[in-house]
Amino acid sequence: MDHFLYRNGALFAEDVPVSEIAAAVGTPFYVYSTATLLRHFRAFDDALEGMDHLVCYAMKANSNQAVLRTLAQAGAGMDVVSGGEYLRAKAAGVPGERIVFSGVGKTADEIRLALEGGIRQFNVESEPEMIVLDRVARELGQVAPVTIRVNPDVDAKTHAKIATGKSENKFGIPIARAREVYRLAADLPGLKVIGIDVHIGSQLTDLAPFEQAYLKVADLCEVLRADGHEITRLDLGGGLGIPYERTNTAPPLPTDYGAMVKRTLGHLGCEIEIEPGRLIAGNAGLMVSEVIYVKSGEGRDFLILDGAMNDLIRPAMYDAHHDIVPVLEPDAGAEKQLYDIVGPVCETGDTFARQRLMPPLAAGDLVAFRSAGAYGAVMASEYNSRPLIPEVLVHGDQFAVIRRRPTFDEMINRDTIPEWL
Ligand code: LLP
């Protein structure tokens with residue numbers, strides 16, 4: 001559920017008409033709902049009630065400072081995957097003891113940054129990374145808390161580009177080699193092994209692959225304990241999917257997920273961490289765009305928008321579906337028609353939807369892309385020298401620009417011309 005609803009035919013973000021934001025900031029832009037962000041965070045937090053747990057928001061989904069601060073104030077931890085994300089989390093007020101560091105390619109500098117600034121744990125993904133972490137920790141006179149990410153070889157049944165838990169993926173260590181790698185880690189004085197980490201993919205719409213992976217983690221936990229390791233924490237990753245198409249049967253809810261976690265892992269008495277990104281931020285955001293032209297092509301009509309693939313890459317990159325809705329509903333009875341919905345970028349891939357049934361639209365009309373709060377703004381680029389679009393946060397009847405649109409001068413002046421030119 002989100003807080004983008006129609007009132008008398010006009011789309012609202014909480015208590016603010018979306019058209020009012022468009023008039024104030026210009027299109028295209030992203031708009032996020034505080035109430036939806038908090039609702040989704042709390043859904044996970046409540047789902048794990050009764051177990052010692054921390055919900056570490058995967059901030060790669062949406063790392064705007066205002067979004068992070070909103071969640072941090074509600075008690076969220078953060079899952080970070082780079083030095084930049086680590087610093088963003090700290091800047092938003094997240095204490096080091098609530099930050100977990102994931103990722104297959106942490107550099108020595110990033111590791112040092114996190115050790116110096118404080119960190120809850122590193123989710124280590126390989127033996128060479130372990131060696132570097134051990135060295136840096138010892139140089140700093142510290143012992144780094146770690147979980148080791150295992151690759152359970154489970155098919156997450158999601159888009160190939162976002163599945164991470166099969167043996168051929170670059171992530172984690174093969175679960176079959178876990179005992180050997182835990183033994184190696186236990187011998188490194190700069191590390192303290194405290195747990196197991198697993199993340200099998202993103203946009204999972206079925207609990208079965210999670211359950212398969214978590215059962216393997218439960219078995220591994222017992223085996224490692226029998227080997228003498230003190231396993232007290234399980235990081236279960238993120239990945240629970242959202243309903244991109246409202247017509248589909250809804251994916252499982254955080255409560256279903258939480259019940260499954262309790263069923264598969266509850267008996268181990270471990271502290272549980274989860275790293276949801278998409279489910280917290282996805283349906284908490286819209287991308288709003290204006291129709292520039294309606295163009296009649298060969299056997300089809302194109303809606304040419306001022307938003308493009310550089311602003312929201314998911315359709316081009318993953319063939320992702322986003323519901324696209326009018327900001328002002330047309331009169332009841334207006335006959336719907338089919339459009340190809342595209343942006344102005346010079347690539348055929350700059351297509352948001354093909355043959356989408358929409359109410360009749362004209363130049364100047366506003367449309368909203370739903371489910372654009374996760375992996376939207378963070379994946380945007382300035383391709384075609386299109387400025388990054390602004391982000392707006394709504395809270396009740398208030399709204400604020402939380403990242404403004406850069407000026408063309410700012411964009412151009414980021415480049416420097418060498419002396420010889
Ligand atoms: N933890 C780890 C280690 C991850 O790699 C990810 C996502 C998450 C947590 C959060 O997963 P979520 O709950 O958001 O599914 N750009 C793609 C999604 C990439 C996901 C990468 N890793 C998209 O737009 O669909």
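Ligands are counted one by one from 1 in listed order, and the atoms in each one are counted from 1 as well.
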Novice: Within ligand 1, which atoms have a heavy atom of Gly239 less than 4.0 Å away?
Specialist: 11 (O), 12 (P), 13 (O), 15 (O)
Novice: Taking only non-hydrogen atoms of Leu279, do any sit less than 4.0 angstrom from ligand 1?
Specialist: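 False for this residue.
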Novice: Give me the atom names and distance for the closest heavy-atom approach of Pro28 to Asp311.
Specialist: CG-OD2, 4.2 Å
Novice: Applying a 4.0 Å heavy-atom criterion (strictly less than), which segment of Arg149 is in contact with ligand 1: side chain, backbone, both, or neither?
Specialist: side chain
Novice: Checking a contact table here: which protein heavy atom is nearest atom 3 (C) of ligand 1, and how many Å away?
Specialist: Glu275 OE1, 3.5 Å
Novice: Looking only at protein heavy atoms, which one is nearest to atom 20 (C) of ligand 1, and what is the separation?
Specialist: Tyr375 OH, 3.6 Å
Novice: Which heavy atom of Ala372 sits nearest a heavy atom of Leu312, and at what distance?
Specialist: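 For Ala372 and Leu312, the tightest heavy-atom pair comes out as CB-CD1, 4.5 Å.
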Novice: Mind checking whether Met260 and Tyr257 have side chains closer than 4.5 Å, heavy atoms only?
Specialist: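 Yes. Closest side-chain heavy atoms under 4.5 Å.
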Novice: Numbering the atoms of ligand 1 from 1, which are under 4.0 Å from a heavy atom of Ala58?
Specialist: 8 (C), 9 (C), 10 (C)
Novice: At a non-hydrogen distance cut-off of under 4.0 Å, which region of His199 contacts ligand 1 (side chain, backbone, both, or neither)?
Specialist: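 For His199, the contact with ligand 1 is made by the side chain alone.
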Novice: Measure the distance from atom 6 (C) of ligand 1 to every protein heavy atom, then report the residue, atom name and distance (to 0.1 Å) of the closest one.
Specialist: Lys60 NZ, 3.1 Å
Novice: For Ala61, is the nearest heavy atom under 4.0 Å from an atom of ligand 1?
Specialist: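 So Ala61 does not count as touching ligand 1.
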Novice: For a 4.5 angstrom cut-off between non-hydrogen side-chain atoms, does Tyr375 reach Ile313?
Specialist: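 A side-chain contact is absent here, since even the closest heavy-atom pair is not under 4.5 Å.
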Novice: Could you see which bit of Thr164 sits under 4.0 Å from ligand 1, with heavy atoms only: side chain, backbone, both or neither?
Specialist: neither
Novice: If the cut-off is 4.0 Å to any non-hydrogen atom of Pro276, which atoms of ligand 1 fall inside it?
Specialist: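 The atoms of ligand 1 under 4.0 Å from a heavy atom of Pro276 are 13 (O).
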Novice: Taking the side chain as every heavy atom from C-beta outward, state whether Gln203 and His159 have any atom pair closer than 4.5 Å.
Specialist: no
Novice: Among all the protein's non-hydrogen atoms, which is closest to atom 15 (O) of ligand 1, and how far away is it?
Specialist: Ser202 OG, 2.4 Å
Novice: Asp109 and Arg112: salt bridge (charged side-chain N to carboxylate O under 4.0 Å, His left out), yes or no, with the steps?
Specialist: CA-CA 5 Å; Asp109 283 347; Arg112 187 169 298 112; 3.3 Å; yes
Novice: Taking side chain as C-beta onward, heavy atoms only, is Arg386 less than 4.5 Å from Pro344?
Specialist: yes
Novice: Which residue and non-hydrogen atom of the protein lie closest to atom 17 (C) of ligand 1, and at what distance in Å?
Specialist: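 Ranked first by proximity to atom 17 (C) of ligand 1 is Tyr318 OH, 3.1 Å.
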Novice: I'd like to check Glu20 versus Phe399 (side-chain heavy atoms, cut-off strictly below 4.5 Å). Are they in contact?
Specialist: yes
Novice: Based purely on interatomic distance, does Gly277 place a nitrogen or oxygen under 3.5 Å from a nitrogen or oxygen of ligand 1?
Specialist: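 Min N/O separation from ligand 1 is below 3.5 Å for Gly277.
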Novice: Please identify which of these residues, His322, Arg278, His321, Arg370, meets the side chain to side chain donor-acceptor pair (under 3.5 Å) condition with Tyr244.
Specialist: Arg278
Novice: Considering only non-hydrogen protein atoms, determine which one is nearest to atom 24 (O) of ligand 1 and report residue, atom name and distance to 0.1 Å.
Specialist: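 Atom 24 (O) of ligand 1 sits closest to the protein heavy atom Arg314 NE, 2.6 Å.
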Novice: Determine, for Arg7 against Asp15, whether the closest basic-nitrogen to carboxylate-oxygen distance falls under 4.0 angstrom.
Specialist: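 Salt bridge flag = yes for Asp15 with Arg7.
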Novice: Considering non-hydrogen atoms of the protein only, which is the closest contact for atom 19 (C) of ligand 1, and what is the distance?
Specialist: Ile162 CG2, 3.7 Å
Novice: Looking at Glu125 and Lys170, is any side-chain nitrogen of the basic one under 4.0 Å from a carboxylate oxygen of the acidic one?
Specialist: no
Novice: Nearest to atom 25 (O) of ligand 1 by heavy atom, Arg278, Met317, Met379: which?
Specialist: Arg278
Novice: Could you establish whether His159 and ligand 1 come within less than 4.0 Å of each other, counting only heavy atoms on the residue side?
Specialist: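 In this structure, His159 fails to qualify as a contact of ligand 1 - no heavy atom is under 4.0 Å.
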